[in-house]
Every structure is written in structure tokens, then in C-alpha cells.
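Below is one structure, written out as C-alpha cells; comments come after it.
A quick note: this is a predicted structure, and the numbers were derived from the prediction, not measured.
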Amino acid sequence: MHQTGSGGAPAFVGRASERSRLGRVLAGAKDGHGHALVLRGEAGIGKTALLDHAAAIAGGFRVLRVSGVESEAEIPFAALQLLLTPFADRVGGLPAPHARALGAAFGTVAAPTEPLMVGAATLLLLSELADEAPLLCLLDDAHWFDRSSAAALLFAARRLHADPVVAILTARDGDRPFHADGIESLTLPRFDDESAARLLAGLRALPHDVADRVIRESGGNPLAIVELAADRPGGVLPAPVAPLPAAGRLEEHFRGLLLALPERTRWALLLAAADDRSELTVFTAAAQLLGLGVADLEPAELLRIVRVTAGALEFRHPLVRAAAYQDVPLGRRLAAHRALATVLDARDADRRAWHLAAAAAGTDETAAAALDGAAERAMARGAPAAASRAWERAAALSTDGPDGPGRLAGAARAAYDAGELGRAEALATAADVPGMPVGQAVEAAWVRAQVAYERDSPARACVLALEAAAPILTTDPDRATAVLTEATWCARDAADPALLARCADLARDLPPGRDEVRDGIVGITLLLRGDATVTAEPLRGLLLSTSDGRIGGTVERLLGGLAGLLIGADDAALDLLAAQAAALRGDGAIGWLPYALEPLALAHLVSGRLRDAEVTVTEAADLASELGQHLEVTVLTSIAAWLAAVRGDPEAGRQAEAVRNASRGHRMAVAMAAWAQGVAALARAEPVAALDRLEQACAGPARFDVTVRAIPDHVEAAVRAGDHDRAVVWAPDLERWAARTASPAATALALRCAALLDDGPAAAERFEASLSAGGGPYDEARTRLVYGEWLRRRRRRPSAAREQLTHALETFDRIAAHAWKPRVRAELHALGGPEPERRPEPRPAGRLTPQELQVVRLAARGMTNREIAGQLFLSPRTVGHHLYKAYPKLGVGRRAELSRLDL
């Protein structure tokens, strides 16, 4: 890597539209509108020249610049550290989790951290720097950034839209793709003939026929034109019949330049190219071991192939560096790396390890052990991508024995943690060899299971997880419990009775000491299979032991929250899941958050806190999408579809169909989507259409999950459609659920169904009992709606019908369940008389977007913009932007007024 400041821009030819775009982006940043942009294109197309131009026109900006180098692509956080080193003294002033994350990334703090927490810390630091002056980050050759740096910088770049920050990245087309989803991308085309002629004319006067050949055969690549027009000893123009080295052959052109140099110069250039940082002191020491010196670089300096500065060597183009390294015999490359490894000390242990590996021609345990250390340091710094590559290379250098497969298993786990699912699966498969230690085999199988969840199906993931857990039930019960808990989640998502039974069977074989988790797994699997003998006690025991802190694993705690939802202990489950999400947020465990927010959103939903559910699912879906958790996005979309259906949003149908198309065997998500479509049709007073969709939710394999709460909707749709036979089919399941759990929510729903199915006078008593039993505001309002309809149609006590309907309308307004309001108003109109006098005022919070509401709520609790930013992984300016937009919607003028609002 190398870092430079801004400098003067050369006369620029062409790229008018791209330069104009850069000008607009910089002007927007001065007005507080940040932007990120990726410039893409082949080598020599002019990406770096546009960065130079941006730096030259960025008056008033603080310019940070860093370039990627291929040989440093595996050093964790190398690019990020170089970019932010001038501001290392500010890291300690960040909030503790952010300071810890950056400290770990830079190797100054020994604390495990999540890779994306480093991105959140980078975001906060850049935002604070931008408070002093607009900031321009020029990130050249980003395809050669180490993946940990790239992930952190992209995480920050996507969230700086309210800050005066411009981030411009360049990436070369080639074998190492640079993915930057969510960031604007511009691909630079080759020059047209006119621009190519203008560039050539400004470089050198050539005969017309030769100039025409340069323009034609360069293919419009600016670097090819510059190189071909350069005036060098011996000339550059071939015979008229010989081809010119055009754009696709620039490497060969540079090799030709190097071959004309003295052998000792080529040897010295190889050494310079082999070192990732090209530090002059390191080069000098290594060169001495090889019998070389700085003087051997002089011929290359005269041709401007390399530039020697006070502290480093700089090649004039990455392709020159590549040619200097690649076009030499293997023995010399190995010798160069050995010399570099010899002169590097413990302060550069990672670089030394990679040089040792590059110097190895076959197996080499010394180099492999050094890479083990590099991998462990990378994991400690929150750079699993770098750790994975170190362990993978170490495995290739291993001698016969268990170390090689063990290192591959470690590489697979690290690749999974880095989100590289394809590599993780391939490495885990390669690690699974006969005779490897059980622990390593389990790790490889577990990684394959976790990859299978996202790439294949929950059922396949469950099968692999069960295979991983079975051999260690008694030898490593803690690990077996964690794997088995994850398998149970997968079996639940797949709604597969056979897999649920296998999870229960293995759980029963766990040794004493994990009784609550063991009994909870057995109870959950029995309940989800519809076993008539199951009671709520094992699930309640898991919920309580998790709530009081006796169970600490993340997956186990989330399973405890699910257990609460399955027995209708909604408030206790909500408290547990909210606490777990807060703990993960505080720890910076961003990768876990979507999985924790999913059951939390369900807890809000079944409790009738629909706005909270919307806020939760929106954040979770955004994070899951950024993390590449595509199946989790589908699951969250199913919850969002239900919420949209209740709001009366036409997006519900599209979202539900998207879930069906992308479910990959996640039957719970499909059932949730069917429920959403049924609710939407029922609210539109289309009971027949609703019944067909609700049948899919209530009759499907996930019918004993949270979707057991769809049965009242099914009963109502069948009754309204006049299909009594279908109306009574699933009601007994709901009655059994209520009887087993003694849950107020379950009891209230069962009583509503009983009232709907009763044509006699006892129906009124059951409606009243349902309202008295408890449950959330949404379910209560739904009961008041059908009770009011029943009263009106039987012409009994019109005032009582009006009272029930009015209460229902007020609640639907308050919780933003707008889909049901037309039905209520139709009933009130049929009753005659004036509209209800107590027309509820819409809650001001209903005018806010989910993220605005999230920000406002935290501000109302007295948190500063900086503290809110840390909680939500935003920049403080973005928080301020949301508050600025929220105040007029809420009818307030200052922060202090927020605490008095009903949010």
C-alpha cells in the first residue's frame, strides 16, 4: 500500500461526463450530501487519473488516499489501517465498542470483534472527521484491498449519505471481482478516436500513418496510447508490418521494457515487487542478502519504471510491478521472498509469515506454523477473511497428518464468518477426510450445515447439523448442545416432523447438566409436531431459565424466546428477545442481529405492537441484505408481508409472492406469507379468497408454530363464506393449544373462534369472555369487530354494537392496522346515525418512517446523536438528519419535547 495526498492534475483529455459527475458529487458533499462511487474498467483505462482529477478540484476538502497492492491483499486491515493511521489518536475517543473494534483491527487491543463492527467504527470516525472539513476518500485499486478493509469501508460508505464525505473507489475488471452492492458504479469506456487522437497529439508528434495505427491498435486504452507514444532510447515504433502492443497486451509491453534492462536491475526490481509495502529499509536489507543494492535500480529510475523516494519504492503502474515479479524464474522469486522473510522482524509477523509461505516450494511446517499465527491474529482482530486464507495456505504447506485437515476446517469456519459461503463449503468438504480427529470433523460438518441453510434449505442444514452433533453428545456436550439447538431451529424452519423427531431423540441423549435446554428442545419439537401429550412446562422452563441468565449461548437464548412465543407467553418472550438483541447490539455482534431481530419482530407482532414490529423487521432486513443472509431476508419479508397486509398496503401481495419464489424449503416463511395473503383478503371482505390462502397456513406442516394464531382468521373466513364444514376443521387445534398453555392470548383467540362458530345466544358470552381473557390490542380489536358485526346482524342492542365497533376503530387507528377500518366503517354506516364522536387523532409517530421512529425513540430516552449512531450503526449526522425530518411530522420544535409524546 502507499498513501499520498492531493496533487496537481495533469491536462485532462476526454472523460467529460465522468469529470462532470465527480464535480457534482463534490459540490453535493459541501452541501452535506455524501456519496460513494466506484469507477470500474480495465487496466490503463484512466481510473487513477480521475482520482487525481478529483483530488485537484477538491478545494476545501481533506483528502485521504490509499492504493491496494496485490501482495498485501491477505494482510488483515492493511488498507484501512494505512488510511486511518494519521488519526489513530482519535480512536480512543470513540464509544467503547467502536474504539475496541478499531483497536482490535489495528492490533493495539487484544479483544475479539466482529468484522462489520469495524465498519461501524470506521463510519463514526470518518463522520467525526467530516465535522471539521468535507472529506474526500480516494481508494485506488480496491480489488486488491484485503477483504476485511474492503468490508469495513463499504459498510461505512453506504451510510455516509448525510455527511460531507465522498468516497471514490476504483476497481479493475478481472479475476478478482470487487462487489460493492448498494454503491453507484461507473464503468469507464475506452476512448473514441477523437479523444484518442487528442491525447496522442498532446504527447508526441508522430507521422500520420503511425498515429493512425497507434489509435487503431491501442483500442482506445489511454495507457496503451501513452506507453506507445513514449520516446525511449532505441525508439518504440516497430516495423510497419508488426503489430503494436495494444490494450489487452500491456503486460507484454511492460515486460519488453524490463527485458531491456541489465540483469541486476531486473533482479532488484523483482525484490522490490515482491514486498507488499516497498519500504526502502526492508528492500535495502534484503538486497544486501542477495548481493544487490539501491544503485542497481538506477537504470529503471532513468526510464521512470520505478521511483525511489525517501522511504519507499514506487512503481509507475501496477502492471509494471506485476511484470517485474511474474516474468522471472521461480527460483529467483523464492529467493526474494526468503530474503524478505529473513529481514522482517516480529513487528511484521504477518508479512513475514506470508513471505515464508511464498518462499516455500513444497511442504514447509515452519511456514505453515507462521501462517497459523497470522490466522489466529487475524481472527482476534475481526478479520476472518484473512484468517481463512492464511489457514488454507497453511494446510497446503502441511506435512502428512491431521494438521492439514484441521487447518482446512479452521479456514472453512473463518470463511463462513466472513460471509464467503462458497469457499466455506469447499474448504469444509476438503477438510472432511477419513481419520481426522472428531472435533475437526464436527467443525467441518457444522460449517457445511450453516452454509446449507443459506445455499440449500433448512432441512439439508438440519441433517448436516445432526450429523455433526451425534458423535460428540457425551464427549463434548456443550458443543453438541449448541449444534443441536441450531439443528432444532433448522427443523422448525423446515417444518419437517421427521427432522423434529430426530432432534428430540438426540436431545434425550444429552448428559445431565443441560436439562432446561434438553427438555426445551424435546418440548418444542413435540409441540411443533402436534403431539397431543406435550405440555407447556418444558417450554416454560426453557423460557424462565433463559430469562434469568442461567443459559447464555446466543442460539439457546433465542430458542428460549421462541419457546415463549409457542406457548403464548408473549410479554415474557418479548422481554427476553429485546434484551438479547440489545446485548448483541452492545457487543457489536452485527452478524447475529438479523437472526435475533426476526423472533423479536414476531413477538411484537403477536403482542399487537405492530409499529414496533415494522421498525424491527425493517432494520433486520436491511442488515441481512447487506450481510448476504439471503434466506433470512426472505423470512423477514414474510413478516413484513403480514404487517403490510394489516396496514392495507398493496405491497403485501408482492412480498408474499416473493417469499414463495425464494423460500428454498423454509416452510414457516411460506406459511407466514399465506397468512398475510389471507389477512389481506379477509380485510377486503373477500372471505372465499381469504379461506383458500388461510387453508395453506392452517393445514400446512407449520400449523403448530406461531401460525397457529392464523386459525381464528380461517374460522372467520369460513363462517363469512358460509362454509361451516371448513370452519370447524382447525378450531380444535387452537382449543388444545389454549388448554395446554393456559395463555391469556391463546384463550382469548379460542373463545373468539367458539363465539364465531356459535349461532346461539351463548356467542355473546364467549365474545365477552374473549375480551376479558386478555391478549394484545390487535387481537382485542379484531374480536370487537366481529362481535360488533354479530350484534348488528342480529339487531341486538345497536348501541352495544356501536360501542364495540367504535372501540375497534380507535384501536386500529392507534396501532396503524388500517386494513380493517373500511370494514368497521361499513358496519357503523349500516347501523345508521352519525359517525362516532370520538374520532381518534392519528398518532404523530405514525407519520414517521421506521428508521425515523427508531431514532426518535432513542432520542426521547435522552441519548445523544453519537450514542444513537452507535446503537443503530449510522453516522451522527444521519441521526440528526432523521430528527430534522421527524420534528415537523411530530409537531415539535426541540428534542426536549420528545419525551412527552406517545411514541
Lys/Arg N to Asp/Glu carboxylate O, [X] vs [Y], below 4.0 Å:
X	Y	result
R492	E486	no
R529	D531	no
E614	R611	yes

Distance in Å, [X] [atom1] paired with [Y] [atom2], rounded so as to fall on 0.5 Å steps:
X	Y	atom1	atom2	value
T849	Q854	OG1	CD	9.5 Å
D515	R550	CG	CZ	10.5 Å
L526	L500	CG	CG	9.0 Å
R660	T634	CZ	OG1	13.5 Å
E768	E765	CD	CD	9.5 Å
L691	E686	CG	CD	13.0 Å

Chi angles and distances behind the side chain to side chain contact (heavy atoms under 4.5 Å, CB included) call for E619, Q851: CA-CA 8 Å; E619 180 188 12; Q851 192 160 81; over 6 Å; no
Using the salt bridge (charged side-chain N to carboxylate O under 4.0 Å, His left out) definition, which of the options R720, R693, R782 pairs with D713? R782
Could you go step by step and tell me if Y887 and E897 meet the side chain to side chain contact (heavy atoms under 4.5 Å, CB included) rule? CA-CA 10 Å; Y887 285 168; E897 299 176 66; over 6 Å; no
Just by distance, with hydrogens left out, do [X] and [Y] show a side-chain donor and acceptor under 3.5 Å apart?
X	Y	answer
T707	D705	no
R792	Q804	no
K821	H818	yes
Q580	R585	no

Quick check against the 3.5 Å criterion: does [X] have a side-chain atom that pairs as donor or acceptor with the backbone of [Y]?
X	Y	result
S607	R609	no
D723	R726	yes
R823	L682	yes
S625	A621	no
S545	L542	yes
S638	V635	yes
N661	E657	yes

How close do [X] and [Y] get, counting heavy atoms only, and between which atoms?
X	Y	value
L539	A563	O-CB, 3.7 Å
T525	C503	CG2-CB, 4.1 Å
A601	A613	O-CB, 3.6 Å
A721	P687	N-CB, 3.9 Å
R752	D779	NH2-O, 3.1 Å
E735	A750	CA-CB, 4.4 Å

Could you tell me whether the side chain of [Y] reaches within less than 4.5 Å of the side chain of [X], counting heavy atoms only?
X	Y	value
R540	I567	yes
Q677	Q655	no
L597	L600	yes
V708	R703	no
T811	R784	no
P599	L562	no
E556	T546	no
R814	P777	yes

Over 12 foreign heavy atoms within 6.0 Å of CZ, R508: yes
Does the plane of the ring in W642 sit parallel, tilted or perpendicular to the ring in Y778? Use 30° and 60° as the thresholds. perpendicular
Can you tell me how the ring of W790 sits relative to the ring of Y787, calling it parallel under 30°, perpendicular over 60° and tilted otherwise? tilted
With side chain to side chain contact (heavy atoms under 4.5 Å, CB included) as the criterion, how do V679 and W820 come out once you've worked through the C-alpha distance, each side chain's angles and the decisive distance to 0.1 Å? CA-CA 10 Å; V679 166; W820 298 102; 3.8 Å; yes
Take E827 and R802 through the test salt bridge (charged side-chain N to carboxylate O under 4.0 Å, His left out) and record every step on the way to the result. CA-CA 9 Å; E827 290 295 320; R802 180 174 294 278; over 6 Å; no
E598 vs V617, test: side chain to side chain contact (heavy atoms under 4.5 Å, CB included). Steps then yes/no. CA-CA 7 Å; E598 174 202 333; V617 82; over 6 Å; no
Going by salt bridge (Lys or Arg N to Asp or Glu O under 4.0 Å), name the residues that satisfy it together with R740, two or more places apart in sequence or in a different chain. none
